[in-house]
Trainee: 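Pasting a structure here, questions to come.
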Amino acid sequence: MDKSSPYSFFKLSHQQINRYFCCMSLVKNIQKSVIDTLTSIYSSSFSEKDFQVNQTKDEFEGDYTIVLFSLVKSLKSSPELIGKQLGENLITRYPDLFTNYNIIKGFLNLSIADEYWNTLLHQHHHDSCFGKHPINGKKVMVEYSSPNTNKPLHLGHLRNNFLGWSVAELLKANGYEVLKSCIVNDRGIHICKSMIAWQRFAHGATPATTNKKGDHFVGDYYVKFNDEYKKEVKELVEKGMNEAEAEKNAPIMLATQQMLNDWEAGKPEVIDLWKKMNGWVYEGFEVTYKTIGSDFDKTYYESDTYLLGKDIVQAGLDKGIFFRKEDGSVWIDLTADGLDEKLVLRKDGTSVYMTQDIGLAQQKYDQYKIDQSIYVIGDEQNYHMKVLKLIAQKLGLPYADDIYHLSYGMVELPTGKMKSREGTVVDADDLVAEMIATAKQHTEALGKVKDFTSEELDVLYKTIGLGAMKFYLLRVDPKKKMIFNPEESIDFHGFTGPFIQYTFARIKSILRKEALTENSKNESTLLPLEKEVLFTLEQFPSIISEAAKELNPSTLANYLFSLAKTFNSFYAEHSIGNAESEKKKQLRLQISVMTSIVLQSGMQIMGISVPERM
RNA sequence: GGUUCGGUAGCUCAGCUGGAUAGAGCAUCAGCCUUCUAAGCUGAGGGUCAUUGGUUCGAAUCCAAUCCGAAUCACCA
């Protein structure tokens, strides 16, 4: 796997840094004031690396904590003394930021002034751009989805699609121009397999005549091929052939190989069949993509790109980076880098996967002059992507360092990997349909939306069902493999999409009844739960940039859950409509509005919409 | 065998650039709807953070070794 950090493309220009300071996060503010204060007390220079700023634990008083131990050595003083001097000075120097401090062991706990929270709320409660960062002029391509045109999408594709889409949105929110791309694997021996099977067994059937979704229709013939192939191999083995020979010489396999040759030679009837069957698959994919909300700015087809990269190989040969073996095949020796020798051109001169990928990377760069190229591909291809980047670097290609493999773990079943041969693949369309049906069932049982039209209900079921599914797949760290148990349906309670959607709908319900009339700054003394919501809201911009830096939507999912949970506690404890005073009511309405905006924009980045009512 | 990734509550996962008594959700148990949506809220039980050693004021987090699991090392893509 590519271990280099995606951080490199987060370098900010001078101007952007200035803009950034205008809306500096609270933690950054605290760091800066501590640095300035330490510098003036001890007259030497400090940086944010000299101490840690943590959230204060619940059992202590305060909001943020400075860990003092790391300062003890260099200042040759006790933590208590440093804490006292620092705390005293911070309060006198920044009365708008800090109101109180206490020291327990080596921890300086600071209380943030209500003034700070009131200002935050005043400035941002209606700010639909809160959390978004200014345009930075960088262009990123995110390649994701990459389906094969011989079978329908499955659960693994869903994780890929949601991840890719969400990462693109995260980058946009951080000021990048993003191009979403998709490479369709539309040619090759596996495609010919379904073609052969259709030719032999379909008797002219089509998706239309069988009333089947095109991708599933074609996928069935892919399965049919494998059944037939197995049967033929078994027969040959029974006739005394050894297994390896039988696998090579099964008539249906020979026919398939012949078909691939014909395809490459451009034989018209093969090309026509290929176009027809791929067309069916694309029709099916389009339905699925539309439902799950995947879209692309640029689609590449392997049938167009599979010949690319040969000129780059030739250039590499000329430079002596590649070498030719006696049989004519071309290789690169990566043993010095701890890897193996890698083939880049077959002995017959045709290109391999690696060659095509280099060619495609070049094409992307030539076409769009992108600053960063992110590949959302499963971790089974870590080695391939590592080699790809290394080869590009050795060739000195300008985009080499900007290749980043966003490697994600497989989705496994409790019984292990999904295997198409054993029929344990969770089909994407089936799962989506099931989720929507479950959403319907839950909603009907609760009986809250009886006045909805049937169109509105359909939209709502889709919103909730897809919301649950997307959240479920995005809430886990992408790098890690995850386990999906199809026996237990995806939950609608707790750490889930519907929980957050529900929180949003509740807020909207209040806002339909109670008007936010006052937009002036509220000078209230804040109750603990009011402050806790504001405390969480304040972190949203930092979370957005952190999630983008790590290319990790699960950071956002965790944040949104904790925000919703905090708001729900606040909601259960304090009445908004019947607040103690008009001032409190307006304050709480502002908090509610801001929470709803943050929930909505955060969920939007995850590709999940939030309903006004549910 | 080489390389890479992972092992935290019964289950699914956070926390991992070292900081206070390791957190959520689900499941289990006990409470809360005649006032804003109970898809909610409050509380309880549940842990030798795989094991062993090291680094230090302090380790789930860093280092080393071991055990277990996974991926990969194709003239497939």
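Labels below follow one simple rule: chain letters A, B, ... track the order of the sequence lines, proteins then strands, and each chain is numbered from 1.
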Trainee: So what does A:Ile483 hit on the nucleic acid, given a heavy-atom distance under 4.0 Å: a base, only sugar-phosphate, or nothing?
Mentor: sugar-phosphate
Trainee: Using the C1' atom on both, measure B:G7 against B:U61 and round to a whole Å.
Mentor: 14 Å
Trainee: Under 4.0 angstrom, heavy atoms only, what part of the nucleic acid is A:Phe495 near: base, sugar-phosphate, or nothing?
Mentor: sugar-phosphate
Trainee: From the list B:U37, B:A20, B:C13, which nucleotide is the closest neighbour of the side chain of A:Val476?
Mentor: B:C13
Trainee: What is the distance, to the nearest angstrom, from the CG atom on A:Asn558 to the C1' atom on B:A24?
Mentor: 8 Å
Trainee: P atom, B:A77 versus B:C73: distance in rounded Å?
Mentor: 13 Å
Trainee: What integer distance in Å separates A:Leu511:CG from B:U37:P?
Mentor: 11 Å
Trainee: Would you jot down, in residue-number order, the residues of residues 562-571 of chain A having a non-hydrogen atom under 4.0 Å from RNA chain B?
Mentor: A:Lys565, A:Asn568, A:Ser569, A:Tyr571
Trainee: A:Gln52 CD to B:U17 P: how many Å, rounded?
Mentor: 9 Å
Trainee: Using a heavy-atom cut-off of 4.0 Å across all strands, would you classify A:Gly494 as base, sugar-phosphate, or nothing?
Mentor: sugar-phosphate
Trainee: Check the orientation of A:Tyr472 and A:Phe484. Use parallel for under 30°, tilted for 30 to 60°, and perpendicular for over 60°.
Mentor: perpendicular
Trainee: Could you pull out all residues at least two apart from A:Thr443 that satisfy side-chain contact (heavy atoms from CB on, under 4.5 Å)?
Mentor: A:Val449, A:Leu460, A:Tyr461, A:Ile464
Trainee: Regarding A:Phe499, tell me which of base, sugar-phosphate or nothing describes its non-hydrogen contacts under 4.0 Å with the strands shown.
Mentor: sugar-phosphate
Trainee: Starting at CD1 of A:Ile576 and ending at C1' of B:G40, how long is that distance when rounded to a whole Å?
Mentor: 13 Å
Trainee: In whole Å, what separates the C1' atom of B:C63 from that of B:C16?
Mentor: 15 Å
Trainee: Supply the atom-to-atom distance A:Leu457 CG to A:Thr463 OG1, rounded to the nearest 0.5 angstrom.
Mentor: 11.0 Å
Trainee: Only pairs at least two apart or in different chains count here, so list each salt bridge (charged side-chain N to carboxylate O under 4.0 Å, His left out) that has a residue in residues 57-68 of chain A.
Mentor: A:Asp63-A:Lys531
Trainee: Could you go through the ring pair (Phe, Tyr, Trp, His ring centres under 6.0 Å) check for A:Phe69 and A:Phe107 one step at a time?
Mentor: CA-CA 8 Å; A:Phe69 295 107; A:Phe107 302 94; 5.5 Å; yes
Trainee: Assign A:Asp477 to base, sugar-phosphate, or nothing according to its heavy-atom contacts below 4.0 angstrom with the strands shown.
Mentor: sugar-phosphate
Trainee: With a 4.0 Å limit, can you tell me whether A:Lys480 has a side-chain N or O closer than that to the phosphate oxygens OP1/OP2 of B:G7?
Mentor: yes
Trainee: Answer yes or no: side-chain N or O of A:Thr65 and base N or O of B:A20 forming a donor-acceptor pair under 3.5 Å.
Mentor: yes
Trainee: Looking for any heavy atom pair under 4.0 Å, which part of the strands does A:Phe561 touch: base, sugar-phosphate only, or nothing?
Mentor: sugar-phosphate
Trainee: Give the rounded distance in Å between these two atoms: CG of A:Asn552 and P of B:C16.
Mentor: 11 Å
Trainee: Can a donor-acceptor pair be found between the side chains of A:His384 and A:Asp357 at a distance below 3.5 Å?
Mentor: yes
Trainee: Within the structure provided, determine whether A:Gln501 and A:Met603 are in side-chain contact (heavy-atom separation under 4.5 Å).
Mentor: yes
Trainee: Could you state the atom-to-atom distance from CG of A:Asp58 to C1' of B:G23 in whole Å?
Mentor: 11 Å
Trainee: Backbone N or O of A:Ser303 within a donor-acceptor pair of the A:Asp186 side chain at under 3.5 Å?
Mentor: yes
Trainee: Test your reading of the model: is there a side-chain donor-acceptor pair from A:Asn558 to the backbone of A:Thr555, 3.5 Å cut-off?
Mentor: no
Trainee: Are side-chain N/O atoms of A:Asn278 and A:Thr149 paired as donor and acceptor at under 3.5 Å?
Mentor: yes
Trainee: Kindly say whether A:Ser542 contributes a backbone atom to a donor-acceptor pair with the side chain of A:Ser545 at under 3.5 angstrom?
Mentor: yes
Trainee: Can you measure from CG (A:Leu527) to CD (A:Glu580) and round to the nearest 0.5 angstrom?
Mentor: 6.5 Å
Trainee: Each nucleotide in nucleotides 28-35 of chain B should get exactly one letter: B, S or -. Can you fill that in based on protein heavy atoms under 4.0 Å?
Mentor: -------B
Trainee: Would you mind telling me which residue lines up with the more 5' stretch of RNA chain B, A:Pro478 or A:Ala505, judged by nearest nucleotide?
Mentor: A:Pro478
Trainee: Within the 4.0 Å heavy-atom criterion, would you say A:Thr443 contacts the bases, only the backbone, or no part of the nucleic acid?
Mentor: base
Trainee: When rounded to the nearest Å, what value does the distance between C1' atoms of B:A9 and B:G45 take?
Mentor: 11 Å
Trainee: Is the base of B:C26 syn or anti, if syn means a glycosidic angle within 90° of 0?
Mentor: anti
Trainee: Does the side-chain ring of A:Phe107 sit on the six-membered ring of the B:G19 base, less than 5.5 Å centre to centre and under 30° in tilt?
Mentor: no
Trainee: Are A:Tyr301 and A:Trp274, when compared by the centres of their aromatic rings, separated by less than 6.0 Å?
Mentor: no
Trainee: With a non-hydrogen cut-off below 4.0 angstrom, is A:Asn109 in contact with a base, only sugar-phosphate, or nothing?
Mentor: base
Trainee: Salt bridge check, A:Arg613 against A:Glu456: does any charged N sit closer than 4.0 Å to a carboxylate O?
Mentor: no
Trainee: Runs of at least three consecutive Watson-Crick or G-U pairs, both distances under 3.5 Å, are what I'm after; which ones involve RNA chain B?
Mentor: B:1-7 with B:67-73, B:10-13 with B:23-26, B:28-32 with B:40-44, B:50-54 with B:62-66
Trainee: Could you check A:Leu446 against A:Ser70 and say which one's nearest nucleotide on RNA chain B is further toward the 5' end?
Mentor: A:Ser70
Trainee: Spell out protein contact along nucleotides 70-77 of chain B as letters: B when the base is contacted, S when just the sugar-phosphate is, - when no protein heavy atom is under 4.0 Å; keep the 5' to 3' order.
Mentor: -SSS-BSB
Trainee: What distance, rounded to whole Å, do you find between the two C1' atoms, one in B:U8 and one in B:A60?
Mentor: 7 Å
Trainee: Tell me whether A:Tyr502 is stacked on the nucleobase of B:G40, counting only the six-membered base ring and applying the 5.5 Å and 30° thresholds.
Mentor: no
Trainee: Taking atom C1' of B:U12 as reference, at what distance in whole Å does atom NE2 of A:His493 sit?
Mentor: 16 Å
Trainee: What is the nucleic acid contact for A:Val67, judged by heavy atoms within less than 4.0 Å: base, sugar-phosphate only, or nothing?
Mentor: base
Trainee: If we take the C1' atom in both B:G15 and B:G47, what is their distance in whole Å?
Mentor: 15 Å
Trainee: Rounded to the nearest Å, what distance is computed from the CD atom of residue A:Glu573 to the C1' atom of nucleotide B:G40?
Mentor: 14 Å
Trainee: OP1 or OP2 of B:C36 versus the side-chain N and O atoms of A:Arg588: is any pair under 4.0 Å?
Mentor: no
Trainee: So does A:Glu80 pair up with A:Lys105, basic N to acidic O under 4.0 Å?
Mentor: no
Trainee: For A:Tyr101 and A:Ile103, which heavy atoms make the closest approach, and how far apart are they?
Mentor: CE1-CD1, 3.8 Å
Trainee: With rounding to whole Å, what would you report as the distance between B:U48 and B:G1 at their C1' atoms?
Mentor: 34 Å
Trainee: Could you measure between the two P atoms, the one in B:C62 and the one in B:U17, and give it in whole Å?
Mentor: 6 Å
Trainee: Measure centre to centre between the rings of A:Phe225 and A:Tyr222, then say whether the value is under 6.0 Å.
Mentor: no
